[in-house]
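Here the structure comes first, spelled out in structure tokens, and everything after it is commentary.
All chains are named by letter (A, B, ...) in the order of the sequence lines, taking the proteins before the strands, and each is independently numbered beginning at 1. In what follows, every heavy atom counts, from backbone to side chain, and hydrogens, waters and symmetry copies are set aside.
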There are 2 protein chains.
Amino acid sequence: MTPRPYPKGERKHLVDAGRDKIIAAASEVLNLDDLSAFSLDAVARRAGVTRMTVYNHFGSKGVLLGEVFDLLVERDAFSGMPALFEAKDLGAALDGLVGMLGRFYDDNRQLMLKMVGVAGLDPDLDKVLLEKNQRRRRGIEAILGKFGAPKKPAVERSELVNTLDVLLSFHTFNSLAGPDRTPAQVVPHVRRMIRGILGERSAPARRR
Amino acid sequence: MTPRPYPKGERKHLVDAGRDKIIAAASEVLNLDDLSAFSLDAVARRAGVTRMTVYNHFGSKGVLLGEVFDLLVERDAFSGMPALFEAKDLGAALDGLVGMLGRFYDDNRQLMLKMVGVAGLDPDLDKVLLEKNQRRRRGIEAILGKFGAPKKPAVERSELVNTLDVLLSFHTFNSLAGPDRTPAQVVPHVRRMIRGILGERSAPARRR
DNA sequence: CGCTCAATTATACACCATGTATAATCTCCT
DNA sequence: AGGAGATTATACATGGTGTATAATTGAGCG
């Protein structure tokens, strides 16, 4: 290794702050309604930084988007995960998960649409997204492990996980919502779908 | 109207043939594994035509993709629709629909991914896709109308349609399949999910 | 056959985005 | 103050979309 004058000094914090500012700016630009507004130039301008700085931190558009998604998923989408383990039963825990994700998809609908879009054209980002989507799967498995499988063991465990994973994906919320509703508004619908899958017939109690 | 020397002569057929050739070429390029291989230049070259000709027929990339999707949906995805009405009951008809769509998604997986991608960034194409996806919804409604709603009327009709629509979407097949399976291979899985929603407990008979 | 006119082509151009390269400048840290 | 890393300014190559325009081809008609 070459000698480093500022191995882990205070400077690193400033640099990291710049990094975060860029990621935040990227999130904001991605969440704009204007579909064609996303470019590294727009991101750099909003971050108060040169386009070159963006390239210095991340090496490409795909990597930047990957990091944005990474941060968002970990910090926003699944931040309420620990609380779900306090739920009284499996149904309640899954209801909580649906609500969490519904809110996240709602806050980031435009961003998610563009993320999926770019991933469809950029192999690098595509791999990152696939990886990050494992996060959701692991969450489902953890909940199922904690509260036990449903009474009806007709469906195999792994298939149940697959099913829940699809029902909890962004695409489910997005297409259920369509152009006129918001993802958050279809949360009750998704909850009913999941109850249907689990074999519980009707919702037990009122739940906001 | 200005006078037209070749109002509806034989020539029009040749022109339309050229149009079709371009659409076919676009489908082929879209179905290549190489994610970044799609450009109007590549389409034109594969069609044995100049890029200008593409712009003469369609006015933009978005419009071309819209027409590609239109043709594919009408000619390939739903061509087997009439046969479904000969099914012996609702479950069988929906099984048939699942099979039809599974095969279509399988044949056009790369294309669908890129289509969704571009639509996420191009507002024009996005509108076209939304419109074309109504085709699936109408198919579901027609089948439900012909065979009657399931015995269990616990869920409302429109919500049932929404649910089936999501389960039959490309995204469902694509994410259930993941990187290792094909959309066609998850057809049985989707059929079980739908039976679960309809309230029928287990598959009635063997079905290929 | 030869003319006409639509369609296609050839060519050039403007614009914008990604990504690379390089030298100059800034600024924190020692 | 000085050194080194981070940022900037600037230029450039590449590749895609979309527009404009003149030249060329070829089917259909008299």
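For A:L64 and C:dT18, the CG to P distance is 10 Å, given to the nearest whole Å. Put simply, CZ on B:R45 is 19 Å from P on C:dT8, counting in whole angstrom units. Rounded to an integer number of Å, the gap from B:M52 CE to D:dT19 C1' is 8 Å. The nearest whole Å value for the distance from the CG atom in B:L121 to the C1' atom in C:dT18 is 15 Å. If you measure from atom CG of A:L125 to atom P of C:dT18, you get 14 Å, rounded to the nearest angstrom. Atom-to-atom, CD1 of A:I22 to C1' of D:dT8 comes out at 13 Å; the value is rounded to the nearest Å. Rounded to a whole Å, the CG atom of B:D122 is 17 Å from the P atom of D:dG16.
For the atom pair CZ of B:F58 and OG1 of B:T53, the computed distance is 10.5 Å after rounding to the nearest 0.5 Å. Put simply, CG on A:L97 and CG on A:L164 are 9.0 Å apart, with the number rounded to the nearest 0.5 Å. Taken from OG1 in B:T182 to CD in B:Q185, the straight-line distance is 3.5 Å, to the nearest 0.5 Å.
Here B:T53 reaches the OP1 or OP2 of C:dT9: one of its side-chain N or O atoms lies under 4.0 Å away. The phosphate of C:dA10 (OP1 or OP2) has a side-chain N or O of B:T50 nearer than 4.0 angstrom. Within the 4.0 Å cut-off from OP1 or OP2 of D:dT7, at least one side-chain nitrogen or oxygen of A:H57 is found.
Set against D:dT7, D:dT19, C:dG19, the side chain of A:N56 has D:dT7 as its closest nucleotide. Which of C:dT22, C:dT18, D:dG18 sits closest to the side chain of A:Y55 comes down to C:dT18. Each of C:dT8, D:dG18, C:dT20 was ranked by its minimum atom distance to the side chain of B:K61; first place goes to D:dG18.
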Could you check A:R109 against A:N31 for side chain to side chain donor-acceptor pair (under 3.5 Å), going step by step and ending with a plain yes or no?
CA-CA 7 Å; A:R109 191 174 189 182; A:N31 260 327; over 6 Å; no
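Sorted by first then second residue, the side chain to side chain donor-acceptor pair (under 3.5 Å) pairs that include residues 121-134 of chain B, not counting sequence neighbours, are B:D70-B:K132.
Residues from residues 30-44 of chain A with heavy atoms under 4.0 angstrom of DNA chain D: there are none.
Checked by atom type, the side-chain pair A:D34/A:S36 shows a donor-acceptor distance below 3.5 Å.
At a cut-off of 3.5 angstrom, the base of D:dG16 holds no donor-acceptor pair with the side chain of B:R51.
Stacking of A:R135 on the aromatic ring of A:F78 is recorded, both the 6.0 Å distance cut-off and the 45° axial limit being met.
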